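First comes the structure, then the notes that go with it.
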Amino acid sequence: MTGSTSASDAPGQPSESVSGQQLLAGFGSLRNGLRQWMQANIPTDGRMTVPRATLLLGLTLKSEPAGMGELGEPLGMSPRNMTVLVDGLEKEGLVRRVAHPRDRRVKLVELTPAGRRVVEQELGPSHAAAAALFDDFTPEERGELLRLLVKTGDALRARGVDVPSRGQG
């Protein structure tokens with residue numbers, strides 16, 4: 001192919017050949033594709049959605065109950081939508097609201113034993129299947145991708161965007 005190179009046909013090209021706009025567009029298109037991939041790999045009984053699965057999986061990463069704002073941020077969900085999501089999961093007995101240890105006005109969310117079973121028995125295998133997407137990468141490529149994702153998160157935080165640090169779930 002002749003002419004100018006693009007990010008898609010020139011991996012490994014010097015960084016000046018790829019613009020920030022191209023990278024932003026690439027992230028935008030990957031967002032939808034990753035969501036579809038995750039949806040395709042969650043249990044198909046009709047009651048599990050990507051937000052429900054993400055919330056349940058996210059709670060397993062927490063060492064203590066978490067606030068709905070903290071849980072809703074990575075999902076990009078409004079407080080109202082988070083309330084509806086948690087209400088549904090609570091009605092099914094998968095999560096419960098508990099009092100904040102220092103602020104009685106605040107309710108936190110935690111997994112119930114039934115919720116933990118759903119994560120382990122239903123979501124664990126589907127999460128592993130979705131993560132298999134990265135089996136196409138070499139260990140070095142996975143390490144480099146993670147390094148660049150962490151660096152992107154650092155750049156967002158430096159600009160005042162509240163992005164959880166790696167390991168915060």
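Because the structure is a prediction, the values reported are computed rather than measured.
When each of H127, R116, E120 is paired with T60, the side-chain contact (heavy atoms from CB on, under 4.5 Å) condition holds for R116 and for no other. Residue L85 forms a side-chain contact (heavy atoms from CB on, under 4.5 Å) with just one option from R80, M77, E90, and that option is M77.
Taking the side chain as every heavy atom from C-beta outward, L108 and R97 never approach each other to under 4.5 Å. Using a 4.5 Å heavy-atom threshold, the side chains of M82 and S78 count as separate. Using a 4.5 Å heavy-atom cutoff, the side chains of T54 and T49 are not in contact.
Remark: side-chain polar atoms of Q36 are not paired, donor with acceptor, to backbone N or O of G33 under 3.5 angstrom. For the pair T112 (side chain) and R96 (backbone), a donor-acceptor distance under 3.5 Å is absent. Of the possible polar contacts, one joining the E141 side chain to the T138 backbone as a donor-acceptor pair under 3.5 Å is found.
Taken from CG in L133 to CG in L34, the straight-line distance is 6.5 Å, to the nearest 0.5 Å. In this structure, the separation between CG on L123 and CG on L57 is 5.0 Å, given to the nearest 0.5 Å. Taking OG1 from T152 and CZ from F27, the interatomic distance works out to 4.5 Å, rounded to the nearest 0.5 Å.
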Discussion item. The test is salt bridge (charged side-chain N to carboxylate O under 4.0 Å, His left out); show your working for K62 and E70 and say whether it passes.
Written reply: CA-CA 11 Å; K62 306 288 182 190; E70 176 186 351; 2.8 Å; yes
Practice prompt. Determine, stepwise, if the pair R147 / E144 fulfils salt bridge (charged side-chain N to carboxylate O under 4.0 Å, His left out).
Written response: CA-CA 5 Å; R147 184 187 73 76; E144 181 66 2; 2.8 Å; yes
Practice prompt. Apply the test salt bridge (charged side-chain N to carboxylate O under 4.0 Å, His left out) to residues R159 and D154: give CA-CA distance (whole Å), side-chain angles for both, the deciding distance (0.1 Å), then the verdict.
Written response: CA-CA 9 Å; R159 288 161 174 81; D154 291 345; over 6 Å; no
Fill in: E92 vs R52, salt bridge (charged side-chain N to carboxylate O under 4.0 Å, His left out): CA-CA, chis, key distance, verdict
CA-CA 12 Å; E92 293 177 38; R52 288 167 59 96; 2.8 Å; yes
Discussion item. Go through it in stages, so that I can follow the logic: the residues are V86 and L55, the test is side chain to side chain contact (heavy atoms under 4.5 Å, CB included), and I'd like the CA-CA distance, side-chain angles, deciding distance and then a yes or no.
Written reply: CA-CA 9 Å; V86 170; L55 179 69; 4.1 Å; yes
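Cluster annotation: V98 and V106 are assigned to the same hydrophobic cluster (Ile/Leu/Val/Met/Phe/Trp/Tyr, side-chain heavy-atom contacts under 4.5 Å, transitive). By the rule that hydrophobic residues join a cluster once side-chain heavy atoms approach within less than 4.5 Å of another member, W37 and F134 end up as members of one cluster. F137 and L149 fall within a single hydrophobic cluster, where Ile, Leu, Val, Met, Phe, Trp and Tyr side chains are chained together by heavy-atom contacts under 4.5 Å.
Here the closest non-hydrogen pair linking M68 and T83 is CE-OG1, 3.7 Å. Shown here for E110 and P65, the closest heavy-atom pair between the two residues is OE1-CG, 3.3 Å. Between G93 and A114, the shortest heavy-atom distance links the atoms O-CB, 3.6 Å. In plain terms, the two heavy atoms of L56 and V95 that are nearest each other are CD2-CG1, 3.9 Å.
Other residues, nucleotides and ligands place more than 12 heavy atoms under 6.0 Å from the CZ atom of R142.
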